[in-house]
Amino acid sequence: MIEQNHALLAKWWWRFSREKDSLWAKVVCRKYGFSHQDWLPQLPSSGRVSIIRRDICSIGNPDSEMGNIIQAGFKLQVYSGNNTLFWNHKWMGDQTLREEFPRLYLKSSQKDELYMIFGKLESLWRNLSPLKVEILSWMACQGRIATRSILSSRNIIVGVDDHALACPFCMMELETPVHVLLSCPFSTYIWTKIVDWWNLAWVDPSSLLELSSWWFSSRFKNLEKYLWECCFYATLWSIWIARNDIIFNNKDVDRNQVEELIKTRTALWIKAKFDIKVYTVEDIKRNLDGVRRLKI
């Protein structure tokens, strides 16, 4: 009878890990403060909990014999990685990466990130543009570039009013990485023009990481895939350079000129990467539809 009861309680562990989008699972997460990324339920650290919920959570205690059996019987499948914690879940072998590589874990600035996030960031290293450009893109998608908001949070910029921390393009919003490179009207216009250049449509993403995930999951093949991906780097880099020109060189920046620079940089980087001699930079800029069909 005890074994049967344990088995029925353990079944709820299985359902909790498998039915994340069900109404009952969402209610439980909301009520007891479980994270959507938790693949097994834990007892809340504070507050009251029902006897049934307490028994379900306690049955998997790793210090108990039944808990060891349950933990050993579960195997985590990564799939998209949106429910798998890179450091803290056992998705590769019998140990978490936190346990297997404690020194690396201590040095990591992304201790609670999902496997999905690391996978998306890895896709940014394509060797299609200068190294400094891909480094900037990688850091921007993590929100780690030196915008005014970041410098202020590190006490590098102190004793200034909100106006001094505003986006140099619009001077209306706080300059955060996602604002200055994506959601500012100036930047959104440029991204839209580049997408239009490809005769595509887009919906404004909420983050640079979301944008990169969409951009690098395209179904383009061969040269057009590389051209499309190179546009991502050229756009981020050109917007950032325009931002720096305003702040450090007191220049007036024209968004149409920035658009032309993006196309020029894309053409130059692709020509250098694949040694394309049959088309000039201007050919690529003016005849994208023809150039993108080339086989390399």
What do the steps show when you test Thr266 against Lys285 for side chain to side chain contact (heavy atoms under 4.5 Å, CB included), and what is the final call?
-> CA-CA 9 Å; Thr266 299; Lys285 289 169 60 178; over 6 Å; no
Atom pairs and distances, donor-acceptor, side-chain atoms in residues 239-248, under 3.5 Å, two or more places apart:
unit_1, atom_1, unit_2, atom_2, d
Arg243, NE, Glu175, OE2, 2.6
Arg243, NH2, Ala146, O, 3.4
Arg243, NH2, Glu175, OE1, 3.1
Arg243, NH2, Glu175, OE2, 3.3
Asp245, OD1, Asn249, ND2, 2.9

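- Glu259 and Arg255 are not joined by a salt bridge, as no carboxylate oxygen comes within less than 4.0 angstrom of a charged side-chain nitrogen.
- A donor-acceptor contact shorter than 3.5 Å links the side chain of Lys273 to the backbone of Asn127.
- Residue Arg126 holds its CZ atom at 7.0 Å from OH of Tyr226, rounded to the nearest 0.5 Å.
- Below 30°, between 30° and 60°, or above 60°: for Phe220 and Trp228 the angle between ring planes is above 60°, a perpendicular geometry.
- The 12-atom threshold is exceeded at CG of Asp254, counting heavy atoms of other residues, nucleotides or ligands nearer than 6.0 Å.
- Between the Glu260 side chain and the Asn256 main chain, no donor and acceptor come within less than 3.5 Å of each other.
- No salt bridge links Glu229 with Arg292; every basic N to acidic carboxylate O contact stays at or beyond 4.0 Å.
- Without hydrogens or angle criteria, Thr192 side chain to Thr188 main chain gives a donor-acceptor distance under 3.5 Å.
- Residues Leu288 and Glu224 have side chains not in contact (no heavy-atom distance under 4.5 Å, counting atoms from C-beta outward).
- Annotation for Ser217 and Trp214: closest pair OG-O, 3.0 Å, computed over non-hydrogen atoms.
- Taking OG of Ser129 as the reference point, atom CG of Leu136 lies at 9.5 Å (rounded to 0.5 Å).
- Under the 4.5 Å side-chain heavy-atom criterion for grouping Ile, Leu, Val, Met, Phe, Trp and Tyr, Ile145 is not connected to Leu174 through any hydrophobic cluster.
- Separating the CZ atom in Phe232 from the OG atom in Ser137 is a distance of 5.5 Å, to the nearest 0.5 Å.
- In this structure, the ring of Trp191 has its center less than 6.0 angstrom from the ring center of Trp215.
- In this structure, Trp269 and Pro130 have side chains that are in contact, with non-hydrogen atoms separated by less than 4.5 Å.
- Crowding of Asn250 atom CG: a count of heavy atoms from other residues, nucleotides or ligands under 6.0 Å not exceeding 12.
- Atom SG of Cys184 sits about 9.0 Å away from atom CE of Met172, to the nearest 0.5 Å.
- Residues Phe216 and Tyr233 place their aromatic rings such that the two centres sit under 6.0 Å apart.
- Between the side chain of Ser238 and the backbone N or O of Thr235, no donor-acceptor pair lies under 3.5 Å.
- Considering CG of Asp196 and CH2 of Trp202, their distance stands at 10.0 Å, rounded to 0.5 Å.
- More than 12 heavy atoms of other shown residues, nucleotides or ligands fall within 6.0 angstrom of atom CE in Met171.
- Here the straight-line distance linking atom CG of Leu236 with atom CD1 of Ile190 works out to 11.0 Å at 0.5 Å rounding.
- In this structure, Trp197 is not a member of the same hydrophobic cluster as Leu261, with clusters built from ILVMFWY side-chain heavy atoms closer than 4.5 Å.
- Screening Leu223, Val291, Asp283, Val281 for a side-chain contact (heavy atoms from CB on, under 4.5 Å) involving Ile276 leaves a single residue, Leu223.
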Apply side chain to side chain contact (heavy atoms under 4.5 Å, CB included) to Leu208 and Cys141, showing your working.
-> CA-CA 5 Å; Leu208 289 165; Cys141 287; 4.1 Å; yes
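- Follow the hydrophobic side-chain contacts under 4.5 Å out from Leu131 and you reach Leu124 in the same cluster.
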Please walk me through it: do Lys225 and Ser218 pass side chain to side chain donor-acceptor pair (under 3.5 Å)?
-> CA-CA 8 Å; Lys225 176 178 175 64; Ser218 73; 4.6 Å; no
Trp198 and Cys231: CA distance, side-chain angles, deciding distance, side chain to side chain contact (heavy atoms under 4.5 Å, CB included) verdict | CA-CA 10 Å; Trp198 284 76; Cys231 280; 3.5 Å; yes
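- Side chain of Glu173 to main chain of Cys167: no donor-acceptor pair is present (N/O by atom type, distance under 3.5 Å, no hydrogens or angles).
- Across Leu209 and Ser212, no two heavy atoms sit closer than the pair O-OG, 2.8 Å.
- Taking a 6.0 Å sphere around CZ of Phe169, one finds it holds more than 12 heavy atoms contributed by other residues, nucleotides or ligands.
- A donor-acceptor pair under 3.5 Å is absent between the side-chain atoms of Lys263 and the main chain of Arg286, judged by distance alone.
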Atom pairs and distances, side-chain donor-acceptor, residues 151-166, under 3.5 Å, sequence neighbours left out:
unit_1, atom_1, unit_2, atom_2, d
Ser153, OG, Ile150, O, 2.7
Asp161, OD1, His163, N, 3.3
Asp161, OD1, Ala164, N, 3.1

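- Summarising the geometry of Val195 relative to Ala201, their closest heavy-atom pair is CG1-N, 3.9 Å, with the distance given to 0.1 Å.
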